[in-house]
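This report refers to the structure that appears directly beneath it.
Each ligand, and each atom within it, is numbered from 1 in the order the structure gives. For this chain, numbers begin at 1 and follow the sequence in order.
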Amino acid sequence: MSDTPPAKPLTKNEHLKTAHPSLDGAIRETLADPNAVRFTEDDEQFIKFHGMYQQDDRDKRKVGKEYSVMVRTRQTGGITAPETYLVYDEIAGKYANGTLRLTTRQTFQFHGVVQSKIGRLIKAIHEALSTTLATCGDVNRNVLFPSIPTASNAQKQIEKDAFELTNALLPAATSYHSIWVDGYPINLSDEIQTLKAIPKDAPNPYAPPPADHDESGNPVDPLYGKTYLPRKFKIAFALPGVNDVDLFANDLGFVAIVENDEVVGYNLTAGGGMGTSHGNKETYPRLADIVCFIPRARLIDAAKAVITIHRDFGDRTNRKHARIKYVLQEKGVEWFRGQLAERLGAPLAPSRPFSFHRQGDTYGWGKAIDGSWYLTVYVPSGRIKDEGDYRLRTALRHIVGKYKPEFRCTAFQNFILCGIKESDKAAVEADFLAHGVDPLSKVHAIRKNSMACVSLPTCGLALAEAEREMPAILTQIEGLLGQAGIPQEDIIIRATGCPNGCARPYLAEIGFVGRAPGKYNLMLGADGTGTRLNKIYKENVKREDFAAELLPLFTRFKAERRDASERFGDFATRVLLPEAGK
Ligand code: SRM
Ligand code: SF4
């Protein structure tokens, strides 16, 4: 008998991708069926590559499943032309649930899109010169880069590199265009008024490379191959100083090394990721390793090389263990360097020194080098909506329509309006105020530094509330900080409805990670720069016990912190976590 353990079977997704390499499944048939209310179970996997997830409103499950999809756009670096934003606003009202959701990866999500509206919504996004191609699925997702428009030469170079990389990594062999673009010949310009402002002959900037073909004439992706990646893949660019992309949470990162306002190359980081599953020790959040320095000219080659390492070594037998972070962790960074050098055909140069001194967004007005102004505005959990006196959606429609600022989504669920004239600043502020929105984000620091994932009612994986509960959690914590005598303390707080980590809760000084309805793991101890993970302080804390758990910690922090500069996360790592482990 052989000692070799039997090979583990491939996951169902791998068989699906093999059977339908152009990722179309029965999508066309479902779209053509006027009675269909949802995609088939198999197609739920394919539609991800087209930028959407099948969902149902979980608040209504007792009555019955009300199906819709969530659609996610691609916005490299969060950059969105004002004309595009206005189309998004209009389609959010006409085809989705009337809100736009800014995500933790600088994109927009539309929720509640029912079957009959999906084609129109995706076509409108394409005509608005964006795309939903590969914003989900086992491919490279939206590429992040620092959203502050200083307009330095180096920053422009990073922007150019990120857009070129985005296109180089778009999957070529999918059925996306044949289903949603060429295959959807409906004219939307009478239905969506804002499309009239989009030049008819302007090329869509998201252009996938051409596909290869196998001996039978079937399309094969030149980079991803026939079965794409074992799992999703995420890339971020950063500039040293402010870590405004949570670089180390990404599968692949590029830190720009700038000399005399020129990007000379990038430090390459690899193997970051947040997702884990409760009780499954094979899965864990992990920070990326700093691997090497890559000259600017080899950026795309290096990214492709890393992607092929994931393609070739990622675990295709277990989707929970399939990210490249597990390859890095299990085979080691030296092995990874060897693979990368071999695939690049050149020895690797050592990484250059760099550091981050903080994370997150910088709110309020800033002046770009070209003399124009930009305004960063806090959006609670990224939800652009009109609710009561708070009419952010209407305010933005008005302001973007009138002043035509470039709209940038940040990686912390906020936005920046760029290119505003000095003479318009006061009027822009007044417009926001007239719609119940504070343009200068004069809220408590914990709010500005908070994030919560979407969670209920749309997320099918949610175990507990996040976005909907976060305002109450923050109000409560503001009160507790006051009681502890540190009313203005700035603490990074993030919440997710499950351990998948969509709001990167493992990089928060206080993270709440949903376990069950009304129950969360309390995570403590990340730092203020996005370079240290937190740890579980206590499991299964009931929502009603948050105050009882946190007040004593804040009181001790006030009494025992080293000095006023010690952050809560550092204190928790130094004092609270070692005690929790005893
Ligand atoms: Fe996420 C799955 C929402 C950023 C890790 N994520 C989901 C789904 C699609 C649920 C599903 O699979 O059915 C959620 C849709 C909820 C809804 O109703 O909208 C969802 N993820 C989000 C967003 C919208 C959170 C937000 O509140 O902003 C973010 C959209 C990003 C984008 O624009 O592309 C979002 N997700 C992230 C991040 C943060 C990041 O990328 O910087 C992570 C952690 C980083 C990472 O990938 O490791 C993240 N999402 C996951 C995972 C865990 C993956 C893993 O390795 O285990 C899942 C579950 C899965 O893929 O099976 C998931
Ligand atoms: Fe859904 Fe979990 Fe992601 Fe929150 S962290 S959006 S609950 S998958």
Legend entry - salt_bridge(Lys448, Asp361) N-O dist < 4.0 Å: no
Inset, instruction - Collect the protein residues that have a non-hydrogen atom under 4.0 Å from ligand 1 and hand them over in chain and number order. - result: Tyr53, Gln55, Met70, Arg72, Arg101, Thr103, Thr104, Arg105, Thr107, Gln109, His111, Arg231, Lys232, Lys234, Gly273, Met274, Gly275, Arg323, Gln413, Ala452, Cys453, Val454, Thr458, Cys459, Leu461, Asn500, Gly501, Cys502, Arg504
Inset, instruction - Spell out the protein N/O/S atoms under 2.8 Å from atom 3 (Fe) of ligand 2 as residue plus atom name. - result: Cys502 SG
Inset, instruction - Could you tell me how the ring of Phe108 sits relative to the ring of Phe407: parallel (under 30°), tilted (30 to 60°) or perpendicular (over 60°)? - result: tilted
Do any side-chain atoms of residues 80-87 form donor-acceptor pairs under 3.5 angstrom with protein atoms, and if so which ones, sequence neighbours left out?
from, atom 1, to, atom 2, distance (Å)
Thr80, OG1, Gln75, NE2, 3.1
Thr80, OG1, Gly78, O, 3.1
Thr84, OG1, Ala128, O, 2.8

Inset, instruction - On the 0 to 90° scale, with breaks at 30° and 60°, tag the Tyr176-Trp180 ring pair as parallel, tilted or perpendicular. - result: tilted
Inset, instruction - Kindly indicate whether the side chain of Leu461, heavy atoms from C-beta on, has any atom under 4.5 Å from the side chain of Asn500. - result: yes
Inset, instruction - Verify the distance criterion only: is there a donor paired with an acceptor across the side chains of Arg543 and Gln476 at less than 3.5 Å? - result: yes
Legend entry - Given Thr376, Asp246, Ile492, Asn449, the one that forms side-chain contact (heavy atoms from CB on, under 4.5 Å) with Phe412: Asp246
Legend entry - Candidate list Lys232, Arg231, Arg319, test side chain to side chain donor-acceptor pair (under 3.5 Å), partner Asp138, passing option: Arg319
Inset, instruction - Not counting sequence neighbours, which residues clear side-chain contact (heavy atoms from CB on, under 4.5 Å) with Ala303? List them please. - result: Leu165, Leu169, Leu252, Phe254
